Amino acid sequence: MDIADFYGHVRPDACPGALQVHTAADGALARIRIPGGALSATQLREVAACSAELGSGVIELTSRANLQLRGLPSTPAAPSETEAETGAFAARIAAVGLLPSETHERVRNILASPLAGRVDASLMDVRPLVNALDRGLCASPELAGLSGRFLFALDDGTGDLLSIGADVTFLATSPSGGLLHLGGATAGIPVLADEVVPSMLAAASAFLELSGGTAWRVSDLPDGPALLASRLLHGGPAASKGEGVSSGRPSHETAGSRVPDARVVPQRDGRVALEVVVPLGRLSADQAMALADVAGEVRVTPWRTAVLPDLRPEDVERVAGELTRVGLVTGPGTAWAGLSACTGRPGCAKSLADVQGDARRWATGTREPSTPAVPDGVLVHWAGCERRCGRPKGEVVDVVATLTGYRIGHGGKTETRGDM
């Protein structure tokens with residue numbers, strides 16, 4: 001049996017990056033990995049400038065808190081021109097620290113709780129772990145063999161990332177340690193804080209060994225979570241302490257998928273964080289510049305929102321007003337909350353509809369009579385075809401384009417492509 005058929009994949013992983021771009025109907029698409037979702041204002045300004053000067057002016061927030069730039073040159077008169085444009089883009093983001101490794105740039109898929117260490121519900125500040133994990137990944141020649149879809153997550157104890165379905169998830173259960181969940185398994189391996197990064201790297205190495213480098217995700221392996229747990233318990237960092245696998249889910253785990261909304265969140269230090277809804281997860285270059293102008297750091301989230309931490313309470317009204325003026329949503333109760341959509345026409349040749357336009361008309365109350373009614377207060381994903389690219393994890397209402405209109409599906413597991 002062909003190993004690709006065994007794992008259900010009929011082609012190599014072609015997940016785009018900053019160097020390996022994807023050719024779409026609207027030009028080349030590049031994806032910038034943002035470990036932990038954290039961007040400095042300088043970095044965000046450069047991404048915005050690249051989008052405006054080299055691409056279509058659209059920056060997409062993905063379901064893994066990465067950034068995508070669309071409309072980069074893909075079919076110039078001479079092939080060398082494409083290489084020059086791609087090289088210019090890569091050089092510009094590398095200059096601001098967004099491309100630390102050419103060999104590992106597609107495997108730097110690391111999610112982190114966006115307000116780790118800042119709010120009362122946070123049991124551990126996982127931000128230093130993000131940096132250590134990223135350094136460890138880039139320092140290992142072996143781990144460059146991971147697919148661009150393999151995902152790490154560092155949850156600060158709030159449980160906000162447990163429904164994401166990462167391949168290796170650390171969940172803090174105290175300030176000194178927590179549980180390592182593998183492939184979405186219910187049970188977890190206890191680890192101390194200083195064991196977290198070595199254990200996550202060991203899990204990735206064990207995955208590559210078990211799969212022979214041909215599988216994309218832990219879920220591709222039969223009994224993958226159990227096999228990985230056994231390997232770690234008998235040879236990983238946790239083995240020396242004789243620790244076993246804990247049973248049951250943490251009592252504070254969030255149920256289902258989080259429905260994001262614009263909100264102001266008090267921080268422990270008296271400052272506040274402002275979470276901003278980005279309509280359909282698409283930032284214009286001007287909107288990205290506006291975010292960079294009002295905050296020293298911006299954190300993009302897998303819910304396609306942007307979090308601005310460490311604001312003074314007296315500045316929130318002014319900041320919110322500036323962002324509202326450029327089309328971002330800063331107040332709660334918006335129809336944009338939890339609403340996502342794939343690229344659709346004309347950007348994707350496989351799409352059967354302009355789902356971006358239809359979703360926008362639905363959110364603004366100007367939909368066509370033929371557009372289906374969609375419930376409020378749930379995650380809703382509009383898709384131009386059955387692939388449902390970019391669909392969030394968990395319970396989602398799917399609005400899928402067909403040859404005769406849209407159909408609605410509720411919940412259920414769906415095979416998705418990448419982290420669009």
Side-chain angles (χ1 to χ4, degrees), residues 37 59-68 111 113-115 153 155 158-166 253-265 273-283 287 291 298-308 320 323-324 327-344 353 355-367 371-384 387-401 406-414 416 418-420:
I59 304 166
E60 295 177 332
L61 279 59
T62 79
S63 59
R64 293 182 172 188
N66 293 317
L67 299 180
Q68 288 184 169
L111 293 176
S113 300
L115 290 173
D155 191 307
T158 55
D160 56 358
L161 297 180
L162 287 179
S163 65
I164 295 294
E253 178 183 345
T254 54
S257 300
R258 176 188 167 196
V259 178
D261 206 349
R263 57 180 182 150
V264 176
V265 184
L274 175 64
E275 183 165 11
V276 178
V277 171
V278 178
L280 297 181
R282 291 165 68 92
L283 281 172
Q287 288 172 332
L291 286 169
V298 176
R299 290 181 170 261
V300 294
T301 78
W303 309 286
R304 296 182 172 93
T305 61
V307 174
L308 283 59
L323 298 179
T324 299
L328 298 173
V329 181
T330 61
T334 173
W336 295 110
L339 183 65
S340 61
C342 72
T343 299
V355 292
Q356 290 278 331
D358 289 338
R360 284 182 180 276
R361 284 185 284 274
W362 175 81
T364 57
T366 59
R367 65 178 184 266
T371 303
V374 181
D376 295 324
V378 296
L379 292 177
V380 179
H381 185 67
W382 292 64
R387 297 187 310 161
R388 287 175 270 190
C389 294
R391 182 184 190 271
K393 291 290 185 180
E395 292 297 316
V396 180
V397 175
D398 295 300
V399 184
V400 183
Y406 285 99
R407 67 171 181 80
I408 295 183
H410 297 264
K413 294 182 178 179
T414 303
T416 58
D419 71 323
M420 190 213 89

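Position 1 is the first residue of the sequence; numbering continues from there. On a predicted model such as this, the values are computed, not experimentally measured, just so you know.
- For the atom pair CZ of Arg263 and CG of Leu274, the computed distance is 10.5 Å after rounding to the nearest 0.5 Å.
- Between the side chain of Arg304 and the main chain of Leu61, a donor-acceptor pair closer than 3.5 Å is present.
- In this structure, Arg282 CZ and Thr343 OG1 are separated by 6.0 Å, a value rounded to the nearest 0.5 Å.
- Taking the six-membered ring where the residue is Trp, Tyr406 and Trp382 present perpendicular rings, their angle passing 60° and hence far from 30°.
- A search for side chain to side chain contact (heavy atoms under 4.5 Å, CB included) contacts involving Ala166 returns Leu151, Ala153, Thr169, not counting sequence neighbours.
- When the side-chain hydrogen bond (donor to acceptor under 3.5 Å, both in side chains) test is applied to Ser340, the partners found at least two apart in sequence or on another chain are His381.
- A pairwise comparison of heavy atoms in Leu161 and Pro302 identifies CD2-CG, 4.2 Å as the closest pair.
- Remark: Thr334 engages Asp261, Val277, Val329, Trp336, Ala337 in a side chain to side chain contact (heavy atoms under 4.5 Å, CB included) (not counting sequence neighbours).
- Looking at Gln356, its side chain does come within 3.5 Å of a backbone N or O of Cys342 through a donor-acceptor pair.
- Looking at Thr305, its side chain never comes within 3.5 Å of a backbone N or O of Thr301 through a donor-acceptor pair.
- In this structure a side-chain-to-backbone donor-acceptor pair under 3.5 Å is present from Asp155 to Thr158.
- The CZ atom of Arg391 lies 4.0 Å from the CG atom of Asp398; values are rounded to the nearest 0.5 Å.
- Applying the salt bridge (charged side-chain N to carboxylate O under 4.0 Å, His left out) rule to Arg360 yields no partners; only residues at least two apart in sequence or on another chain are considered.
- The closest side-chain heavy-atom distance from Leu308 to Leu291 is below 4.5 Å.
- You'll find the side chain of Asp160 reaches within 4.5 Å of the side chain of Pro114, heavy atoms only.
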